[in-house]
> 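Here it is, the structure in full.
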Amino acid sequence: MAGVSIPTADVLLSRRVQEMVLKGEEPPPLYICRDDDTEDVSSALSSIPVIDLSLLSSSATICEQEEELQKLKSALCSWGCFQAIGHGISTSFLDEIRQVTRDFFQQPMEEKNKIAKGVKDFEGYGADPVPEEGQSLDWSDRLFVNVYPEDTRNSKFWPESPAAFRDVLEEYTVKMKTFTEIVSKAMAKSLSLEENCFLNQFGERGPLQARFNYYSCCERPDLILGLKPHADGSGYTIILQDDVEGLQVHKDGKWFTVPTISHALLVLMGDQMEIMTNGMFKSPVHRVLTNSERERISVAMFYTPEPKKEIGPEEELVNQERPKLFKKVEGYADTHWDYYQRGMRALHVAKV
Ligand SMILES: O=C(O)CCC(=O)C(=O)O
Ligand SMILES: [Fe+2]
């Protein structure tokens, strides 16, 4: 038909979903990806396990510690994720992070575009590059920044407005670094491994990268996803949700909604932890639904081994019943860092 052109992915990715919604535009066809009839969403009572990290500290009894470690192992071997409570980060501080995130996205486009990313880059405000042609697009905008180690930060991508954003993110980074130390040790202990083994694989300079997600309201939640099904290429990811549900984890052929708990952090295994545990911990496929009434925000913190580090299955987890499932994978050049950067699953390159 002469005169009618359907916008391409490149054109759409240079625009913001939030902008289309504010202008009252119809969702373009490239965002349409799901056929609800084929979806199998679980209404089962079983849900993502909740782990109380305070029960893993030396102030808890040995019996409490053992019990919580068993729960942790079972959660990661079956679900590949858990909701962490008792982590020592106050609800009021978590609320502050949620608030600066909302305040950032509520600003005029002009302000946000001061830290816009290039179409093919990762850092900055915008949309992810699409790794494969023909993939549907996500109904979300995001801000992605390196936060640790400090010398990898690009201050030009750290918002100056809202005024509190930088300080809050800096404080959150410090807390996340401590959190990853606690959780990495607990995961090792749950598998009866030396407590520092995963931390040694990540390395002292294992990067933390923050992704602030904004899911605008969507008039067709039956057809459009906030984030399409994917597994994270990270070591593991720590997700702070707001009070709007939307995140779902795939398990046993069904989708399970992650309940919102205001003081909890969802810890979700990525491909690198699946490799390091020789497949014992699962890196679950997950997705985000859209919502016609309320927008949603989340903050995902990706924790990844140092880019140049070689990682592989812990030797103690390789035995006759569980032969080595993965090769060692190096950092650069088509290996773990490369795949993580492209947002693709690393597992298929790492299989023995
Ligand atoms: O928004 C969420 O809850 C999940 C985000 C996520 O899966 C990601 O950023 O990789
Ligand atoms: Fe994810």
Side-chain angles (χ1 to χ4, degrees), residues 72-73 75-82 84 122 128 131 144 146-149 152 176-177 179-191 193-211 227 229-239 249-250 265-286 300-318 322-352:
L72 176 66
K73 176 179 169 185
L76 296 176
C77 291
S78 56
W79 290 87
C81 62
F82 65 93
F122 273 91
D128 279 341
F144 190 91
N146 296 341
V147 296
Y148 180 87
T152 63
M176 283 291 100
K177 178 82 178 129
F179 183 91
T180 55
E181 283 160 12
I182 294 169
V183 169
S184 301
K185 286 185 185 180
M187 292 196 294
K189 282 204 235 168
S190 81
L191 294 169
L193 299 171
E194 195 279 307
E195 69 172 5
N196 289 312
C197 68
F198 296 130
L199 286 174
N200 292 340
Q201 291 222 44
F202 278 91
E204 173 47 35
R205 287 173 56 85
L208 284 168
Q209 293 171 303
R211 178 178 157 132
L227 217 52
H230 67 283
D232 290 351
S234 56
Y236 57 95
T237 309
I238 302 135
I239 298 172
V249 173
H250 202 242
L265 291 161
L266 179 77
V267 181
L268 190 120
M269 296 301 101
D271 291 346
Q272 311 306 331
M273 275 306 293
E274 186 165 331
I275 293 171
M276 290 185 222
T277 59
N278 199 27
M280 287 190 73
F281 291 174
K282 303 290 175 293
S283 160
V285 171
H286 50 288
M301 189 67 85
F302 299 99
Y303 178 44
T304 310
E306 284 173 15
K308 286 188 182 162
K309 228 165 163 30
E310 184 183 73
I311 61 140
E314 286 293 328
E315 287 304 326
E316 289 91 330
L317 302 178
V318 179
R322 175 170 281 279
K324 200 176 221 175
L325 289 176
F326 303 100
K327 292 189 282 200
K328 290 203 162 167
V329 275
E330 283 172 29
Y332 287 119
D334 242 19
T335 49
H336 81 73
W337 186 251
D338 233 22
Y339 273 79
Y340 166 62
Q341 288 288 72
R342 279 192 252 148
M344 292 166 79
R345 297 209 78 186
L347 290 177
H348 70 274
V349 284
K351 291 259 183 205
V352 166

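These numbers come from the heavy atoms of this one structure, side chains and all, not from hydrogens, waters or symmetry mates. Source: prediction; values computed, not measured. Here, residue 1 is the first one in the sequence, and each next residue gets the next number.
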> Do you know the tightest heavy-atom contact between K177 and T180?
O-OG1, 2.7 Å

> Which heavy atom in L268 sits nearest to a heavy atom in C81, and how many Å separate them?
CA-CB, 3.9 Å

> With no hydrogens and no angle check, just 3.5 Å: does a side-chain donor-acceptor pair link H250 and H286?
no

> Could you list the residues that satisfy salt bridge (charged side-chain N to carboxylate O under 4.0 Å, His left out) with E194, not counting sequence neighbours?
none

> To the closest 0.5 Å, what do you measure between CD (Q272) and OG (S234)?
7.5 Å

> For the backbone of N200 and the side chain of K309, can you confirm whether one donor and one acceptor N or O come within less than 3.5 Å of each other?
yes

> For N146, enumerate each residue passing the side chain to side chain donor-acceptor pair (under 3.5 Å) test, keeping only those at least two apart in sequence or located in another chain.
E123, Q209

> So, for Y303 and G206, which heavy atoms are closest and what is the spacing to 0.1 Å?
CE1-O, 3.8 Å

> If the condition is side-chain contact (heavy atoms from CB on, under 4.5 Å), which residues does E314 pass it with, not counting sequence neighbours?
L193, C197, F198, Q201, E316, L317

> Grab the two heavy atoms, one from A300 and one from T237, that are nearest each other, plus how far apart they are.
CB-CG2, 4.0 Å

> With sequence neighbours excluded, what pairs up with F281 under the ring-ring contact (aromatic ring centres under 6.0 Å, His included) test?
none

> Test of understanding: with side-chain contact (heavy atoms from CB on, under 4.5 Å), list the residues that count as partners of P149, not counting sequence neighbours.
D151, T152, R205

> At their closest point, which heavy atom of P323 faces which heavy atom of N278, and how far apart are they?
O-ND2, 3.2 Å

> Quick one, V183 and M187 - any side-chain contact, counting heavy atoms below 4.5 Å?
yes

> Please list, chain by chain and in numerical order, all residues satisfying side chain to side chain donor-acceptor pair (under 3.5 Å) with R322, sequence neighbours excluded.
none

> For the atom pair CG (L76) and CE (M273), what is the distance rounded to the nearest 0.5 Å?
7.5 Å

> Is a side-chain donor or acceptor of E306 paired with a backbone partner of E204 at a separation under 3.5 angstrom?
yes

> Say you draw a straight line from CZ of R211 to CG of L227; how long is it, rounded to the nearest 0.5 Å?
5.5 Å

> Could you state the interatomic distance from CE (M280) to CE (M269), rounded to the nearest 0.5 Å?
13.0 Å

> Excluding sequence neighbours, so at least two apart, what forms salt bridge (charged side-chain N to carboxylate O under 4.0 Å, His left out) with E195?
K189

> So L265 and M176, do their side chains get closer than 4.5 Å, heavy atoms only?
yes

> How would you list, by chain and number, every residue that makes a side chain to side chain donor-acceptor pair (under 3.5 Å) with S184, sequence neighbours excluded?
Y236

> In Å and rounded to the nearest 0.5 Å, what is the CD1 to CG distance from I238 to L266?
10.0 Å

> Grab the two heavy atoms, one from P313 and one from K327, that are nearest each other, plus how far apart they are.
CD-O, 4.2 Å

